[in-house]
Number of protein chains: 4
Amino acid sequence: MKQAQLPRKIPTQARSRMMVETILKTTAKIVVKHGYAGTNTNLVAQRAGVSVGSVYQYFPNKDSLIAALYERHAQSMNRVILDVAGQYEVADLQAHIKLLVRALLQLHLQEPQLHRLLDKDFAFLSNESSEHQYKARISASIECLLQRWSHQLAHSSLQTAAWLTAQMITSMVKAYILDAPQISQMHIEQAISCSVIGLLCSTPDAGFNQHAYLRGSANSVLARSSMPAA
Amino acid sequence: MKQAQLPRKIPTQARSRMMVETILKTTAKIVVKHGYAGTNTNLVAQRAGVSVGSVYQYFPNKDSLIAALYERHAQSMNRVILDVAGQYEVADLQAHIKLLVRALLQLHLQEPQLHRLLDKDFAFLSNESSEHQYKARISASIECLLQRWSHQLAHSSLQTAAWLTAQMITSMVKAYILDAPQISQMHIEQAISCSVIGLLCSTPDAGFNQHAYLRGSANSVLARSSMPAA
Amino acid sequence: MKQAQLPRKIPTQARSRMMVETILKTTAKIVVKHGYAGTNTNLVAQRAGVSVGSVYQYFPNKDSLIAALYERHAQSMNRVILDVAGQYEVADLQAHIKLLVRALLQLHLQEPQLHRLLDKDFAFLSNESSEHQYKARISASIECLLQRWSHQLAHSSLQTAAWLTAQMITSMVKAYILDAPQISQMHIEQAISCSVIGLLCSTPDAGFNQHAYLRGSANSVLARSSMPAA
Amino acid sequence: MKQAQLPRKIPTQARSRMMVETILKTTAKIVVKHGYAGTNTNLVAQRAGVSVGSVYQYFPNKDSLIAALYERHAQSMNRVILDVAGQYEVADLQAHIKLLVRALLQLHLQEPQLHRLLDKDFAFLSNESSEHQYKARISASIECLLQRWSHQLAHSSLQTAAWLTAQMITSMVKAYILDAPQISQMHIEQAISCSVIGLLCSTPDAGFNQHAYLRGSANSVLARSSMPAA
DNA sequence: GATGAATGAGTATTCATTCAT
DNA sequence: AATGAATGAATACTCATTCAT
């Protein structure tokens, strides 16, 4: 599998930028419609109304086209995360996590088809290193957010906590848009948030032995439960 | 992308069964080493020491080879889940979830390379329907397990709870073996388990405002925390 | 293109003969349905309910299967021709030619699909020599027939006359069953017969200038003409 | 058998036209030498001194190469027929038919090898519809020619007469170049012409009853004739 | 920079044929 | 004789990439 190199050059001219934009938009459309295997550079060029040569002017190879799409996706995610991390008017960790989950869900629910593809097929072509990089950046952003609430965290390592949180949220959001199960958005938000809180705030032994926090409340909770069925 | 049909014939003769076994083993090796795109049927045949024709005798096309690998993976997972679900000597939900997480982790940590591939590339080729089927079966198995502890669940819909649990555990296990972060196996087990418990036992509002178990206990918990850093 | 050898052995056992019969029948069906390119020995064997090995017991290669069909066709044609040639109660050449045309038309109109194939595709695979042989045999048979009326023939060479007659009749019969134009059988019979008579009885120069039989009668003939339109 | 589509694009540039020309010339050579089955696209490309890709740039598949050859053949035939039909200095029908036969013979005798192939193998791959189209066009052209002499024709349907004439001439010309019997060109011309005249100018009953040259015997024959119709 | 015609390595798949049982 | 699993040569076709214009 060819290494998906970065774009050949960063276009500075307005026209070039537009061209790159058009090419990527077209690529996205085609990938969404025909899948990775059904996408080819000649088709992209033709549909984008440019010549193959022009595509190769900006993208060194086919995979770099897809990688660019992925890159953008990762950047959007990061932007969203940092946005949320930057909101200082948040009451507590729970609220913050919930905000984060909501924001990422919303991001994915825009152009769900494309995101579905990005979350699915691209795992396939992104080379280890760049994928790790993206993940690392996302982890780092989440670390920012968590830092503020570090006193509430049961984890001694902020980095680990961030990695776990990142995986959990992104995985569950992906799973949600891929499977599109009959769960309401509110419900899935709740579920993911609870999990993350469970992850961040429970201690190994605490949760598994004495369970005051579950025991006591569980009954009443269930009694009050009015969560809509899936 | 061609529909990955089921194997052409189910070999009943000992020799045939062995052949299929060899072909799949070889495919796995090659896929692990060269990735999906780098795998071709002629290579598989050659490396397996059989003729291409023989490969096509049992597998109608390239993708069906990979699909067969995936199928087996899904079956192993199911077997493990049902195994755990069947263990009746389990103290409580927490313990059961932990058992499950541990078992699935262990499964993935055998032949980690192959599982890495299976969890990564195969999303890419498995056609929607069969992928959904696999997921559905896994959800169903987990539903079995949860049923026993349904009185502890904060969710009104067992099915939803099962889907969420399935996604969470499998996603996190995958993330763990793919990223192989410096988290100990014990730690990741703990983390996933806590998340699932958080997911299953927290109620929407409960967990986010008044919960004593977070506030009150968190400090002491952290104080006692001796979790090794990632 | 592989030389279509003759059948490997002429089966003498009843069972074997039946097998050969079944194989050929099946081949015919498949060739009619899927064409030459869509016919393969494994399919023939499977459909005939025998093993490929058995097919190869009697037919050295794929083409020999088709050749056998062709051979049979040629033999039928010959038989028909000789039959007609043997009828001694025929008034004159015209009547004899008409009998011949009618008989060959009838032969082709039985199993028209198969004959269509035989007349079409098999030209393609029959190697020069065997095709020539078939044609030569047919010419020879027709020569027999013509010999009796040699005094009426305008041709100095009986052999040439026979070849021309053979070509003309077989070509036109083929054309008729292939194109299946809206010409009645009676009409086509008439037309072919007239052509052959024209061929056999006109003399080079005669026919183009002075021939009374054309000149004189043509007008009146046309006047009376009430032949149904095609 | 794959549908032999039309050429992918009609080359307008001089260079492209030459390329197509070269490819077709090469194809013809190879088909003549190795037959249809022995012709493959890679070989064609190699021998033509272009890349396979280039072949596929202009011809969507192997069969379309052959179909293009066939198309050209049909066009040549049509051109020749229309040419002859357009000659107004012709004395009579006989002369006109003779001219036509001669012209078509001459056409086939140029590059006899190629025409041999075209007349033989291509029946095999030309899909019904396109073959019918070609034949129909040829019939139509011949209809043009016959129209002028329609007063001499014994057939009430010009269309039928044209079809019969077309079949007869083309079949016999084919037969002649395929079998290459020891018949002089002059002789075959004569023979075909006479046949066609016989076909066109004899009337069903006329030729078989009252014709002076037949006269004597015909009546008694027909009187006794009670052959069952097919 | 842009173009797109030309390239040709690469690959899935078929099927006639064999031969051990 | 019959079987049919195994063989593997053969081939149509694609598509990423280049480069002369």
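Throughout, a chain's letter reflects where its sequence line sits, starting with A, and its residues are numbered from 1. The model shown is predicted, which means the values in this text are computed figures rather than measured ones.
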Trainee: Tell me yes or no: between the side chains of C:Gln75 and C:Tyr134, is some donor less than 3.5 Å from an acceptor?
Mentor: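 No pair is found: no donor N or O on one side chain lies under 3.5 Å from an acceptor on the other.
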Trainee: More 5' along DNA chain E: B:Asn40 or C:Lys62, using each one's nearest nucleotide?
Mentor: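 Counting from the 5' end, the first nearest nucleotide belongs to B:Asn40.
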Trainee: If I compare all heavy atoms of D:Ala45 with all of D:Val55, which pair ends up nearest, and what's the gap?
Mentor: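 Taking every non-hydrogen atom into account, CB-CG2, 3.8 Å.
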Trainee: Please give, in whole Å, the distance from E:dG10 C1' to B:Leu43 CG?
Mentor: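 Atom-to-atom, B:Leu43 to E:dG10, this comes out as 13 Å.
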Trainee: Specify the separation, in whole Å, of atom CD of A:Gln46 and atom P of F:dA16.
Mentor: 13 Å
Trainee: Could you tell me how far apart D:Asn61 (CG) and F:dC13 (P) are, to the nearest whole angstrom?
Mentor: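 So the CG-P distance, D:Asn61 to F:dC13, works out to 5 Å.
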Trainee: Taking all non-hydrogen atoms of both residues, which atom of D:Leu43 and which atom of D:Asn40 are closest, and how far apart?
Mentor: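 For D:Leu43 versus D:Asn40, the nearest heavy atoms are N-OD1, 2.7 Å.
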Trainee: Are any of A:Thr41's side-chain N or O atoms less than 4.0 Å away from OP1 or OP2 of F:dA16?
Mentor: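 Answer is yes, contact under 4.0 Å.
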Trainee: Could you run down the sub-3.5 Å N/O contacts of the protein with nucleotides 7-9 of chain E?
Mentor:
| unit_1 | atom_1 | unit_2 | atom_2 | d |
| --- | --- | --- | --- | --- |
| E:dT7 | OP2 | D:Ser51 | N | 3.2 |
| E:dT7 | OP2 | D:Ser51 | OG | 3.1 |
| E:dT7 | OP2 | D:Ser54 | OG | 2.6 |
| E:dT7 | O5' | D:Ser51 | OG | 3.4 |
| E:dG8 | N7 | D:Gly53 | N | 3.3 |

Trainee: Give the minimum heavy-atom separation between A:Thr26 and A:Val44, together with the two atoms involved.
Mentor: CG2-O, 3.7 Å
Trainee: Is it true that the side chains of B:Ser16 and B:Tyr58 contain a donor and an acceptor less than 3.5 Å apart?
Mentor: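 The criterion, which ignores hydrogens and geometry beyond distance, is satisfied for B:Tyr58 and B:Ser16.
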Trainee: List the steps and the verdict of side-chain contact (heavy atoms from CB on, under 4.5 Å) for D:Leu65 and D:Leu69.
Mentor: CA-CA 7 Å; D:Leu65 274 173; D:Leu69 246 35; over 6 Å; no
Trainee: Of all the heavy-atom pairs spanning D:Ile30 and D:Gly38, show the shortest one and how long it is.
Mentor: CG2-O, 4.4 Å
Trainee: Where do B:Val32 and B:Leu114 come nearest, in terms of heavy atoms and distance?
Mentor: CG2-CA, 3.6 Å
Trainee: Starting from P on F:dA12, measure out to CD1 on D:Ile66 and report it in whole angstrom.
Mentor: 10 Å
Trainee: Within this structure, what is the CE-to-P distance between B:Met18 and F:dA5, rounded to whole angstrom?
Mentor: 17 Å
Trainee: Between C:Arg47 and C:Lys29, is a side-chain contact (heavy atoms from CB on, under 4.5 Å) present by the stated rule, with each step listed?
Mentor: CA-CA 10 Å; C:Arg47 286 268 220 282; C:Lys29 263 186 226 154; over 6 Å; no
Trainee: From CZ of D:Phe59 over to P of F:dC13, roughly how many Å is that when rounded to an integer?
Mentor: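 D:Phe59 atom CZ is separated from F:dC13 atom P by 14 Å.
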Trainee: What nucleotide among F:dC15, F:dA12, E:dT14 has an atom nearest to a side-chain atom of B:Tyr56?
Mentor: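 Nearest to the side-chain atoms of B:Tyr56, counting from C-beta on, is E:dT14.
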Trainee: For Watson-Crick and G-U wobble pairs within 3.5 Å on both distances, what is DNA chain F written in dot-bracket notation, | included for inter-strand pairing?
Mentor: .||||||||||||||||||||
Trainee: Examine E:dA5: is either OP1 or OP2 under 4.0 Å from a nitrogen or oxygen in the side chain of D:Tyr58? Give yes or no.
Mentor: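 No, because none of the side-chain N or O atoms of D:Tyr58 sits under 4.0 Å from OP1 or OP2 of E:dA5.
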